[in-house]
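Step one of this worksheet: look at the structure below.
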Protein chains: 2
Amino acid sequence: MVNGIKPISSRSMAERVEISLREYFAQKSFKPGDPLPTELELAAALGVSRNVVREALSRFKMLGIVEAKKKSGMVISNPDIVGTFEKVMTPEIMDETTLQDLFELRLALEMGIADLLYIHKTEKDLDELEEIAAREMKEKDNNFRISNEIAFHSKLYEMTGNNTLKRFQSLLLPIFGYVIKLEKKKVISGKVTHQDLVKILRKGTVEDFKEGMLSHLQPHFDRVKSFKK
Amino acid sequence: MVNGIKPISSRSMAERVEISLREYFAQKSFKPGDPLPTELELAAALGVSRNVVREALSRFKMLGIVEAKKKSGMVISNPDIVGTFEKVMTPEIMDETTLQDLFELRLALEMGIADLLYIHKTEKDLDELEEIAAREMKEKDNNFRISNEIAFHSKLYEMTGNNTLKRFQSLLLPIFGYVIKLEKKKVISGKVTHQDLVKILRKGTVEDFKEGMLSHLQPHFDRVKSFKK
DNA sequence: ACATTTATTATGTAGAACATAACTACTAAT
DNA sequence: ATTAGTAGTTATGTTCTACATAATAAATGT
């Protein structure tokens, strides 16, 4: 093995420009609305072709960090975090470990929103939630049951009043379905039903609700336990 | 206001190609390792210049969805979810609402990992955690106290055995610091200290721990309550 | 059969050219 | 003088061509 040899930056120019630009943005402490140099200026400053600069800028445009307008030039803008997440959230090409991790992450969230729920819940919310839980009981079709299952949990997130959280969980839903499907297991509900949870939310304490939710999710936690290495 | 007017697709070619490619990947149900057509073929098929295709592909390369090797061409690969998240997680240019939302999301996670912790905790982990908590007490310097505070909570995530979760929380740390700074508030700890938490983790039940953690984070939850609209 | 050299191929980079939208400034008409 | 219209300017958007480069395959010679 030869020593003292640098592997050279096998990174492409576009990638290196991306890094440079990111440092540049931070160093200048740019805020949304702040104008950027022109593509030509950047290319000249970085000593690369305009083409490479555009490839790097294209990346920032995808993230929503940079917006471009003709003539006026480019400006910094505030990115859509969850939207970006959506672009990589493709269960089909994700490795299984990450899928399992995200599955657990969702379980943690599900348990963790209890306190937020008790801070934000309103009577109106509870009525709507109750209606979803009730609708579920009448439904025979399995597909409808699943979409109702999703509706219930989504409503819970909505009740936290935290839009980012709600959007985030809706991105995790496919993961949930995918992991379940991978194991070819049927969706097993815990002892505590959705209707029970609504009741607790109405009259019970936060602690009651946490217990109830844990019980509701117990089958999933059992799965996690069985995977423990 | 004029009605029935479409805003035209103000999308750039690169953006539209990105969308087309994403559909194409899904439709062909590509898996990691699967080869892609050449840039020239894609350009021809889409009826755009190779340059535009490259800008779109550059985006996928950033996400880690596509990898390119000279001569052999491009292949699909599994993206690094958290790594992508890192690229947009820039508190400086994020809007305040999202920052608040993410702050809450972290609180929810902090509360939600309790059950995972009790599934995965080991004696060795507890010893290490205890050591961090102990080190903290001896420290006078405020900067060190904060980095110790971070170390403690990071260790908790590490103990879940969920690497994605751990990496995810470490990305949320800057948010935490930023939000705190925004309000110019000092970091106030709850009544339950880190050392208390360790004790509970050792001898107490999951419920005890959840109570303890809630108490520990109470100042933050109070803040959330006060922001309730 | 093996090593060496020679094509071949697809990505990486560069540069020029022109289209296009938006903004500025000037001009002409009432 | 105000307004409408026109021409000019500028930075992004798009295309095309050319060539460099690395990895692979094919061909060649010993």
Side-chain angles (χ1 to χ4, degrees), chain A residues 2 5-22 24-25 28 30 32-77 79, chain B residues 2 5-22 24-25 28 30 32-77 79:
Chain A
V2 185
I5 294 281
K6 53 196 170 173
I8 307 289
S9 65
S10 77
R11 285 194 244 266
S12 70
M13 281 283 145
E15 201 173 335
R16 278 184 281 171
V17 168
E18 184 204 327
I19 296 171
S20 290
L21 286 180
R22 184 163 273 119
Y24 174 67
F25 297 165
K28 288 266 185 181
F30 276 136
D34 289 351
L36 292 178
T38 70
E39 293 176 350
L40 238 47
E41 285 168 341
L42 289 174
L46 292 162
V48 296
S49 77
R50 186 178 161 221
N51 230 320
V52 167
V53 171
R54 277 187 63 82
E55 282 188 25
L57 285 172
S58 184
R59 300 177 174 199
F60 286 108
K61 286 173 195 164
M62 176 181 63
L63 301 179
I65 289 178
V66 164
E67 265 176 331
K69 288 201 183 70
K70 290 197 177 182
K71 164 77 180 176
S72 9
M74 298 175 289
V75 295
I76 297 286
S77 72
Chain B
V2 185
I5 294 281
K6 52 191 173 180
I8 309 287
S9 71
S10 75
R11 284 196 244 266
S12 70
M13 282 283 141
E15 201 173 336
R16 277 184 281 172
V17 168
E18 184 204 327
I19 296 171
S20 290
L21 286 180
R22 184 164 274 119
Y24 174 68
F25 296 164
K28 288 267 183 179
F30 276 136
D34 290 351
L36 292 178
T38 70
E39 294 176 350
L40 238 47
E41 285 168 341
L42 289 174
L46 291 162
V48 295
S49 76
R50 185 179 160 220
N51 228 319
V52 167
V53 172
R54 277 187 63 83
E55 283 188 24
L57 286 171
S58 182
R59 299 178 174 200
F60 286 108
K61 287 173 196 163
M62 177 181 62
L63 301 179
I65 289 177
V66 164
E67 265 175 332
K69 286 203 183 69
K70 291 197 177 179
K71 163 78 178 175
S72 10
M74 297 174 291
V75 295
I76 297 286
S77 72

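First the proteins, then the strands, lettered A, B, ... as listed; each starts at 1.
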Minimum heavy-atom separation for [X] to [Y], with atom names?
X      : Y      : result
V53(A) : A43(A) : CG2-CA, 3.5 Å
S20(B) : L46(B) : CB-CD2, 3.9 Å
G33(B) : V75(B) : O-CG1, 3.7 Å
V52(A) : A14(A) : CG1-N, 3.6 Å
Y24(A) : P37(A) : OH-CG, 3.5 Å

Does anyone know the first and last nucleotide of DNA chain C in reach of chain A, 5' to 3', at under 4.0 angstrom to a heavy atom? dT13(C) to dC23(C)
Mind jotting down which residue pairs meet the salt bridge (charged side-chain N to carboxylate O under 4.0 Å, His left out) criterion with at least one end in residues 49-63 of chain A? Sequence neighbours excluded, please. E18(A)-R59(A), E39(A)-R50(A), E39(A)-R54(A), R54(A)-E55(B), E55(A)-R54(B)
5' to 3', nucleotides 8-16 of chain D under a 4.0 Å protein heavy-atom cut-off (B base, S sugar-phosphate only, - none) gives -BBBBBBBB
Please, what dot-bracket string fits DNA chain C when only Watson-Crick and G-U pairs with both distances under 3.5 Å count, crossing ones use [ ] and pairs to another strand use |? ||||||||||||||||||||||||||||||
What pairs of residues pass the side chain to side chain donor-acceptor pair (under 3.5 Å) test when at least one of them lies in residues 63-73 of chain A, not counting sequence neighbours? none
Tell me every residue that passes side chain to side chain contact (heavy atoms under 4.5 Å, CB included) with T38(A), counting only those two or more places apart in sequence or in another chain. L40(A), E41(A)
Can you check whether V17(A) reaches L42(A) side chain to side chain, under 4.5 Å on heavy atoms? no
L36(A) versus F25(A): any side-chain heavy-atom pair under 4.5 Å? yes
